[in-house]
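Please read the structure below before turning to the comments.
Start at 1 with the first residue, then count along the sequence. As the structure lists them, so they are numbered: ligands from 1, and atoms in each ligand from 1.
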Amino acid sequence: MTNHEVGVGLLGLGTIAGQVARVLQERSTALGEQTGVTPVLRKIKVLPVDMNKPQAQAMAPGLMTTDEAEFWNTPGLDIIIELIGGEHPALEYQEKALRMGKHVVTANKEVIAKHGVALMKLAAEGGLHLGYEAAVGGGIPLIAPFQRDLVANKINGIYAIINGTTNYILSRMAQENVDFTEALAQAQKLGYAEPNPRNDIEGIDAAYKLAILATLAFRSEVKPSQVFHEGISRLTARDFQYARELGYGIKLLAIAKQANSQIEARVHPVFLPCDSFLAKVNGVFNAVLVDGDLTGQVTFTGKGAGPLPTSSAIVADVIRIAKDIAAGAAVPPAFEARNKRDVIAMEDIITRYYIRMSIADQPGVLAQIARTLGDHNISIASAIQKQADASTFAAEIVIMTHPAREKEMQAAFSEFKTLPAVKEISNFVRVEE
Ligand code: HSE
C-alpha cells in the first residue's frame, strides 16, 4: 500500500491545539498504516507568551515559531489547522490559508457561525476543503452526518443541548437544589466554566453552534445574529422545584425548526418533560436530536468539549482531507447554502409558558390575571397557588399556559407590572413538549 505524507501547520498551542499536536505526532505512523496517509506536523505558530506553557515545552523547539512569515513560508504545508479561537485574527488566518491554496481545519465556532458560508465559497473557488467537524459538539460526529448521511432528508427540526458548561450547571441545580451562583462556582472550580463564563451562560456559544447546524440542515444561511439567545442565570432552585412537581426538567435548549419555508432558531432555557431523552442528558454531555422526514428522530450524544474529543474530530478532518490530496481528487463543494429562507422573529414564535409570580393574597386577583392573559389570547392550562405569606399577604402562583405567541406573552407581562396586586413576575420559562 502506498503511503502519502501530508504536511500540516498548526496555528495556536492552547489546550486543544496541544492535544492535536500530540495525536498528530504520536499516531502519525499508525494513522499512515491504517489510512494510507501520514499527517506530518511541520510547523506550529505560537504567541511569545505560549512558549512557556507545558504543551510548548513538550514540542521540539524547531517545530515552533513566533514568526508569522516563517510559519507561512514553511515548505510543504498542505493543511492549516486554526485553533487560536475568537473571531480575529482567526478569520484572516483562515482566509489567508485558503488564498494560498491550503486546506483549512478549524474548531472555531465563532468564525464558522459568522463567516462559514463565505469561507466555504472561498474554499470551493480554490478547490479546497474547509473542515469544521470540531466546531460543534467536540468529538460527536455532527457536521459530516448533515453533509452526507442525512442529505436525503428534509430536516424538520433540531433540538440540542450543545453547551456542556450550562448543562453541568443545570444538572447540579436539578440534582442538589442549589442556586445558579453556587452551581456556577462549582463549575468554575472544576475547570468546566471559563473564568469569564459569559459566552456559555448567556447562550452565545450555543447560538453560534445552532447557527452552524441550522445553516447545514436547512441549506440556508442562518447568522448567529438571527438566533435569539437567552441565558440560564435567572433560573432559581424554586423553578427547579416547580418543574419537578409538574413533571419537567429544565435544560438550555438550542432549537431550530423549518416550516412553511421559514426557519425558527432560538436558544433559551426550557421546561422539557422529565421522561424525554434530552431531559435525561446530564453533566457536561451534549446531545443533538435531529428530526428528518425520512429518518424520523436521530440522536447524537457524547462529550461536546475538552481536548481529547475535540482532537478526535480535528484529526479526522485532517485525514479525510489528506486522503483527497493523496488521491489527487478534485474537491467538490462540501456544502452550499442554496436556499434563502427567512428566520422568524422571536416575537412571532409560538410556544407554551411556565410563569411564576408573587401576588397579593386577596379576592379577585386570579380573575385579573386570567383576564389579562385572555385579553392577549393566552389560555391557561393549569395554575397552582402556594405559600401564602401571612405577614405580607403575598402568595406565589404558578401558571402553565397553552401555546401562545411570544409578542402577546411579553405584552401580558408588561400589563401585569401595572396591576397593583402583582408584586413580582418572579420568572418565566418556555415549555417544549
Ligand atoms: N464552552 C463550550 C461548552 C465548549 O461548555 O460546551 C466549547 O465549545
Side-chain angles (χ1 to χ4, degrees), residues 12-20 81-87 90 105-116 131-143 158-174 180 183-216 224 227 229-233 235 250-255 267-270 278 281-289 300-317:
L13 199 56
T15 4
I16 306 282
Q19 177 60 30
V20 168
I81 309 179
E82 180 276 301
L83 293 176
I84 61 172
E87 188 175 5
V105 172
T106 183
N108 193 321
K109 61 219 148 184
E110 182 171 356
V111 165
I112 296 299
K114 291 181 178 170
H115 308 285
Y132 55 98
E133 183 61 67
V136 187
I140 310 169
L142 285 168
I143 306 302
I158 300 169
Y159 305 83
I161 295 172
I162 38 178
N163 183 270
T165 306
T166 44
N167 203 44
Y168 172 83
I169 292 172
L170 296 178
S171 303
R172 292 299 288 253
M173 289 177 78
F180 169 76
L184 171 63
Q186 285 168 344
Q188 282 175 318
K189 204 165 137 200
L190 289 166
Y192 293 142
E194 321 261 337
N196 176 359
R198 182 173 170 266
N199 269 16
D200 289 324
I201 62 178
E202 294 305 330
I204 299 165
D205 174 84
Y208 287 151
K209 293 167 177 170
L210 186 68
I212 295 172
L213 294 183
T215 298
L216 268 177
V227 180
H229 66 86
E230 192 181 278
I232 61 166
S233 54
L235 294 169
I250 305 179
K251 293 291 179 192
L252 181 71
L253 206 63
I255 303 168
V267 173
H268 51 73
V270 295
L278 290 169
V281 175
N282 284 317
V284 288
F285 275 76
N286 282 195
V288 179
L289 187 154
F300 301 83
T301 185
K303 289 182 184 160
L308 294 177
T310 310
S311 71
S312 161
I314 291 166
V315 175
D317 270 347

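Every atom of ligand 1 with a heavy atom of Ala305 under 4.0 Å away is listed here by number and element: 4 (C). Less than 4.0 angstrom separates some heavy atom of Asn163 from each of these atoms of ligand 1: 1 (N), 2 (C), 3 (C), 5 (O), 6 (O).
Of the N or O atoms in Asn286, none lie within a sub-3.5 Å distance of an N or O in ligand 1. For a threshold of 3.5 Å applied to N or O pairs, the pair formed by Gly164 and ligand 1 contains at least one separation below that value.
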Can you list the steps and then say if Leu253 with Ile161 is a side-chain contact (heavy atoms from CB on, under 4.5 Å)? CA-CA 5 Å; Leu253 206 63; Ile161 295 172; 4.0 Å; yes

Kindly determine whether Lys109 and Asp205 satisfy side-chain contact (heavy atoms from CB on, under 4.5 Å), including the steps that lead there. CA-CA 8 Å; Lys109 61 219 148 184; Asp205 174 84; 2.7 Å; yes

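Scanning for ring-ring contact (aromatic ring centres under 6.0 Å, His included) contacts around Tyr168 gives Tyr192, with sequence neighbours left out.
Residue contacts with ligand 1, taken as heavy atom pairs separated by less than 4.0 Å, involve Asp200 solely via side-chain atoms from C-beta onward. When heavy-atom distances to ligand 1 are checked against a 4.0 Å cut-off, Asn199 has no atom that comes that close, whether in backbone or side chain.
Looking at Glu133, its side chain never comes within 3.5 Å of a backbone N or O of Val136 through a donor-acceptor pair. No side-chain donor-acceptor contact under 3.5 Å links Asn286 to the backbone of Lys303.
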